[in-house]
Amino acid sequence: MKWNKPLILLFAGFTLGSLITLFIHPFLSFFIPIVGLAGFSVTYLLNKKSGLTDSRLLDKLPADNTSSQQADAIPLNEVVPANNRFEEVMNYLSAIETMVTEEGRNNNLDQEIVRKSLELTAKIRKAVAEIEPFQDGEMDYTITRLVTKDLNALVNPFLRLSGELKVQNRRILLDGLKDIHSKLDSIFSAIQQQDLLDLRTKGDVIRSRYSTKSF
């Protein structure tokens with residue numbers, strides 16, 4: 001049989017009061033169990049109220065909506081390492097590829113647009129892979145702006161158009177994709193020049209370090 005905690009405390013208080021009568025006036029000892037029970041009641045009510053308050057605060061905490069602010073609400077469906085400085089670029093590319101593929105599968109985009117869009121994103125991925133070892137801030141900025149600002153601002157408005165408007169304005173999209181292709185070609189050319197410079201520099205160092213008149 002389980003005892004009610006207030007009754008137990010009351011009983012203990014009277015017992016303690018009986019013992020204390022040996023040292024203080026019996027009239028004063030009568031109030032000891034009453035004071036103890038009153039103190040317990042106040043503490044219990046305060047704790048219960050605090051628990052309810054904490055529960056209500058937790059229910060009202062706002063959900064984390066940081067991801068909804070990414071890339072003009074582009075859905076993100078590829079996870080990349082947190083230490084990758086091109087994380088944002090790769091997320092944009094994955095989102096664009098997914099949307100273009102789905103629109104093509106639903107016959108909302110013609111196959112030429114789907115093919116050229118995916119060719120472009122594949123070319124950008126290749127450029128990112130080649131840029132990454134250089135730690136070149138200017139190249140990083142260029143490729144990031146090319147994807148997050150230019151390509152994103154070109155593809156998203158087009159995908160929101162109705163079917164008829166897509167047909168009427170498809171050439172604008174295709175020309176924009178072509179211009180981005182051209183910019184990527186200039187980036188690849190800059191990478192080649194950097195590689196050539198590194199090769200010649202290293203060749204000169206090795207030649208001066210190890211070459212002899214007769215080998």
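We count residues from 1, following the sequence as given. Just so we're clear, the structure is a prediction, and the values are computed from it rather than from any experiment.
The neighbour count for E138 CD, taken as heavy atoms of other residues, nucleotides or ligands under 6.0 Å away, does not exceed 12.
Residue L151 forms a side chain to side chain contact (heavy atoms under 4.5 Å, CB included) with just one option from N156, V89, I124, and that option is I124.
G104 and V114 get closest at one heavy-atom pair: CA-CG2, 3.8 Å. Of all heavy-atom pairs between L146 and D150, the closest is O-CB, 3.3 Å. Taking every heavy atom of both residues into account, T121 and E97 meet most closely at OG1-OE2, 2.9 Å. The minimum heavy-atom distance linking L177 with S117 is given by the pair CD1-OG, 3.6 Å. Of all heavy-atom pairs between K166 and L159, the closest is NZ-O, 3.1 Å. Closest approach of D140 to T144, counting heavy atoms only: O-OG1, 2.8 Å.
With 3.5 Å as the limit, one finds a donor-acceptor pair spanning the side chains of Q194 and D198.
L165 and V100 fall within a single hydrophobic cluster, where Ile, Leu, Val, Met, Phe, Trp and Tyr side chains are chained together by heavy-atom contacts under 4.5 Å.
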Show, in sequence, the C-alpha distance, side-chain angles and deciding distance for M139 and I191, and conclude whether the side-chain contact (heavy atoms from CB on, under 4.5 Å) test is met. CA-CA 9 Å; M139 283 188 178; I191 294 172; 4.0 Å; yes
Residue pair K116, L120: steps toward the side-chain contact (heavy atoms from CB on, under 4.5 Å) verdict: CA-CA 6 Å; K116 290 187 175 181; L120 178 60; over 6 Å; no
Can you list the steps and then say if F158 with I172 is a side-chain contact (heavy atoms from CB on, under 4.5 Å)? CA-CA 9 Å; F158 184 83; I172 297 176; over 6 Å; no
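Between the CG atom in L196 and the OG1 atom in T201 there is a gap of 9.0 Å [rounded to 0.5 Å]. Distance check: S162 OG to N108 CG gives 10.5 Å after rounding to the nearest 0.5 Å. Taken from OG1 in T101 to CG in L118, the straight-line distance is 4.5 Å, to the nearest 0.5 Å. One distance of note links CG of D136 with OG1 of T142; it measures 8.0 Å at 0.5 Å rounding. A distance of 11.5 Å separates CZ in R85 from CD1 in I143, rounded to the nearest 0.5 Å. The CG atom of L93 sits 10.0 Å away from the CG atom of N152 when rounded to the nearest 0.5 Å.
A salt bridge is defined here as a Lys NZ or Arg NE, NH1 or NH2 lying under 4.0 Å from an Asp or Glu carboxylate O, and E119 with R115 meets this definition.
Residues meeting the side-chain contact (heavy atoms from CB on, under 4.5 Å) test with R171, sequence neighbours left out: L174, D175. Listed by chain and number, the residues in a side-chain contact (heavy atoms from CB on, under 4.5 Å) with Q192 are D195 (sequence neighbours excluded).
Contact of the L109 side chain with the R170 side chain is not registered, since no non-hydrogen atoms from C-beta on lie closer than 4.5 Å. Counting only heavy atoms from C-beta outward, the side chains of I131 and I187 approach each other to under 4.5 Å.
With a 6.0 Å cutoff to the six-membered ring centre and a 45° limit on the axis angle, K126 counts as a cation-pi contact of F188.
Between the side chain of S208 and the backbone N or O of V205 there is at least one donor-acceptor pair closer than 3.5 Å. Within the 3.5 Å criterion, the main-chain N or O of N91 finds no donor-acceptor partner in the side chain of S94.
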